[in-house]
There are 2 protein chains.
Amino acid sequence: MSKNTNKIAKIAICQMNITTDKHANLQKAELMVRKAFSDNGSDIVVLPEMFNCPYDYNYFSRFSETFPGETTSMLSGIAKELNIYIVGGSIPEKDGDRIYNTSFVFGKDGKMIANHRKIHLFDINIKNSISFKESRFITPGENITVFKTDICTIGLAICYDMRFPELIRKMTLMGAKLIIVPAAFNTITGPAHWHITARARALDNQVYFACASPARDTGSTYEAYGHSLIVDPWGSIIVEAGEQETVLNAKLDLTEIERIREELPLLKHRKPDIYKLDQKP
Amino acid sequence: MSKNTNKIAKIAICQMNITTDKHANLQKAELMVRKAFSDNGSDIVVLPEMFNCPYDYNYFSRFSETFPGETTSMLSGIAKELNIYIVGGSIPEKDGDRIYNTSFVFGKDGKMIANHRKIHLFDINIKNSISFKESRFITPGENITVFKTDICTIGLAICYDMRFPELIRKMTLMGAKLIIVPAAFNTITGPAHWHITARARALDNQVYFACASPARDTGSTYEAYGHSLIVDPWGSIIVEAGEQETVLNAKLDLTEIERIREELPLLKHRKPDIYKLDQKP
């Protein structure tokens with residue numbers, strides 16, 4: 001962490017409705033980021049997964065952009081104007097023939113300071129329920145994304161990535177104190193798994209854990225669960241949205257992490273000599 | 001797994017009161033194991049952590065036994081007589097000058113088929129709340145415990161061990177389909193962390209996860225939380241006890257594991273090339 005680490009960080013999540021109109025999505029995102037800042041003086045504002053594009057095979061290619069592009073330029077401009085960090089949810093990123101599900105992060109000077117390409121693609125097939133094969137159109141990323149800010153070191157994952165405890169542990173060992181996850185769980189996996197996964201990751205790693213979902217749109221082919229939430233390092237939910245469009249705010253007291261890690265020293269008690277996890281299953 | 005794998009396994013947890021009278025504890029354990037078997041025809045019966053001894057510094061040494069000893073001989077005899085598996089919670093095991101917090105497992109022929117010495121010792125110090133330093137009297141184990149039965153391959157951990165996702169993942173990669181955890185969370189960490197930890201481990205690894213606690217005794221120096229529970233591979237609680245002494249039963253359908261792992265292929269989607277975890281923090 002840098003020397004000028006703040007003790008309190010104000011974070012906002014924009015749980016926005018996402019439509020099939022890309023420009024409407026960009027306008028909405030900009031509006032909500034501005035509102036988050038003006039209402040709460042947020043230090044960091046987070047958008048949801050695929051915030052400029054429906055989570056639907058038919059739109060990924062058409063809505064994709066190279067970097068820099070229209071969406072990322074908009075985010076960069078607001079970050080600089082408001083002097084805040086923006087975690088740009090994710091967008092379909094075009095790179096040559098490939099499309100990635102990518103989150104771009106902008107610093108206070110508007111410069112891109114990190115980007116995360118979703119590593120674990122959402123290929124599930126639950127009988128008589130939800131089926132999706134993200135890997136049909138999206139190429140997986142191959143890198144863990146942890147970056148420094150003047151708030152704290154931050155880990156960044158996208159949706160299905162959060163289901164893999166190794167990834168979140170690794171981010172923690174790399175110094176992350178806040179882990180941010182733009183995500184779009186659905187109305188099947190959301191009620192079943194969203195809270196316990198977010199809470200267990202926060203608790204096991206004794207970090208703040210913030211998940212940003214789109215609002216629920218019952219008219220879309222893929223209904224996001226909503227319920228964006230922010231969990232503290234004790235595993236308790238600080239604040240949680242419902243299904244509707246909303247800006248969710250929290251103040252993160254970063255000194256809490258040190259206190260909890262001292263009182264319940266989980267990270268110190270790890271036994272890496274006993275459970276090396278480098279072998280494949 | 002062996003060829004004669006059963007599809008349905010009947011498991012029972014004996015959430016027993018533990019007293020400062022060792023012989024009373026042994027009698028109670030025997031009674032409850034017999035009751036679990038006679039009422040439900042259990043294939044495997046699980047006792048809680050330190051079932052023959054209060055979870056209190058003052059008793060660990062005095063109640064400790066070498067193997068074989070009085071407690072383990074009793075368990076071995078019942079396992080053979082009833083032709084069931086018994087996971088003997090844990091006891092203070094004496095080995096030379098050292099005392100371990102050890103779980104002994106007996107097969108249907110009464111032979112000891114596995115033993116687990118608690119790896120992660122419970123050294124916590126939460127201000128104005130609970131403080132305990134297990135390592136003052138207990139020596140940590142150094143081995144991961146996974147063993148085969150004709151039910152399925154089983155992983156065995158003790159209490160605080162379950163807080164370490166790497167350990168449970170490793171057991172899963174070693175083939176465990178059912179993970180059993182004799183444990184004694186308390187009335188602070190229990191309400192805060194017991195359910196989410198058990199549910200997340202089951203969900204992340206797509207295994208059955210069974211946690212056996214002592215009943216709550218408001219007169220003891222360390223008040224166990226109770227709430228023994230059994231979680232399915234989707235992360236849902238099948239059955240959960242309250243605080244009182246009780247036998248908890250569940251039928252585990254082992255074919256569910258394969259179905260869930262096919263529909264939501266978390267283990268297949270792991271990326272061990274990306275998040276090797278062998279380095280120390």
Side-chain angles (χ1 to χ4, degrees), chain A residues 119-127 129-131 140-144 160-161 163-174 189 192-193 195-205 234-236 259-260 262-281, chain B residues 119-127 129-131 140-144 160-161 163-174 189 192-193 195-205 234-236 259-260 262-281:
Chain A
I119 297 170
H120 303 86
L121 300 182
F122 184 60
D123 290 354
I124 77 167
N125 183 16
I126 300 176
K127 283 184 189 63
S129 179
I130 187 144
S131 182
E142 295 181 347
N143 295 302
I144 297 174
Y160 196 60
D161 285 337
R163 284 189 176 270
F164 298 84
E166 299 92 331
L167 175 64
I168 308 303
R169 176 68 103 206
K170 181 92 178 187
M171 288 175 168
T172 304
L173 297 180
M174 292 166 78
T189 58
H193 299 157
H195 301 89
I196 47 173
T197 302
R199 292 184 63 198
R201 298 292 177 264
L203 167 61
D204 290 343
N205 296 290
W234 188 247
S236 302
R259 181 183 65 77
I260 289 172
E262 195 179 310
E263 293 186 353
L264 179 69
L266 294 178
L267 297 174
K268 186 180 140 199
H269 288 160
R270 292 180 68 242
K271 304 269 188 173
D273 291 339
I274 296 180
Y275 33 67
K276 287 181 184 174
L277 273 174
D278 49 332
Q279 87 289 11
K280 298 194 184 186
Chain B
I119 297 170
H120 303 86
L121 299 182
F122 184 61
D123 289 354
I124 76 166
N125 182 16
I126 300 175
K127 283 183 189 64
S129 179
I130 187 146
S131 181
E142 294 181 348
N143 295 301
I144 297 173
Y160 196 60
D161 284 338
R163 285 189 175 270
F164 298 84
E166 300 93 330
L167 175 65
I168 309 302
R169 176 68 101 206
K170 180 94 182 189
M171 289 175 169
T172 304
L173 298 179
M174 292 166 80
T189 59
H193 299 157
H195 300 88
I196 47 173
T197 303
R199 293 183 62 197
R201 298 291 177 265
L203 166 62
D204 290 342
N205 296 291
W234 187 247
S236 302
R259 182 183 65 76
I260 289 172
E262 195 179 310
E263 293 186 352
L264 179 68
L266 293 179
L267 297 175
K268 187 180 141 199
H269 287 159
R270 291 179 70 240
K271 304 270 189 174
D273 291 339
I274 296 180
Y275 34 67
K276 287 181 183 174
L277 272 174
D278 50 331
Q279 88 288 12
K280 299 196 181 184

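Every chain is numbered from 1 and lettered A, B, ... according to where its sequence line falls, protein lines coming before strand lines.
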SB check A:Asp161 B:Lys271 (cutoff 4.0 Å):
no

Can you tell which of A:Thr189, A:Ile126, A:Thr197 has the highest number of heavy-atom pairs within less than 4.5 Å of chain B?
A:Ile126

Heavy atoms only, distances under 4.5 angstrom: which of A:Leu266, A:Ile144, A:Asn143 has the most pairs with chain B? Name it, please.
A:Leu266

Who wins among A:Asn205, A:Thr172, A:Asp123 for the most heavy-atom pairs under 4.5 Å with chain B?
A:Asp123

Checking B:Leu121 against chain A: side chain, backbone, both or neither under 4.5 Å from a heavy atom?
backbone

For B:Ala192 versus A:Trp234, what's the shortest heavy-atom pair and its separation?
CB-NE1, 3.5 Å

Which residues pass the side chain to side chain contact (heavy atoms under 4.5 Å, CB included) test with A:Ile196, not counting sequence neighbours?
B:Ile196, B:Arg199, B:Leu203

Would you check, one step at a time, whether the test side-chain contact (heavy atoms from CB on, under 4.5 Å) holds for B:His269 with A:Phe164?
CA-CA 9 Å; B:His269 287 159; A:Phe164 298 84; 3.7 Å; yes

Counting only non-hydrogen atoms closer than 4.5 Å, does B:Arg201 touch chain A with its backbone (N, CA, C, O), its side chain (CB onward), both, or neither?
side chain

Side chain proximity check, A:His193 to B:Leu264, heavy atoms < 4.5 angstrom:
yes

Answer key: most heavy-atom pairs under 4.5 Å with chain B among A:Ile119, A:Asp204, A:Ile124, A:Ile260 is A:Asp204

Could you state the interatomic distance from CD1 (B:Ile274) to CD (A:Glu166), rounded to the nearest 0.5 Å?
11.0 Å

Bottom line for B:Phe122: the part with an atom under 4.5 Å from chain A's heavy atoms is neither

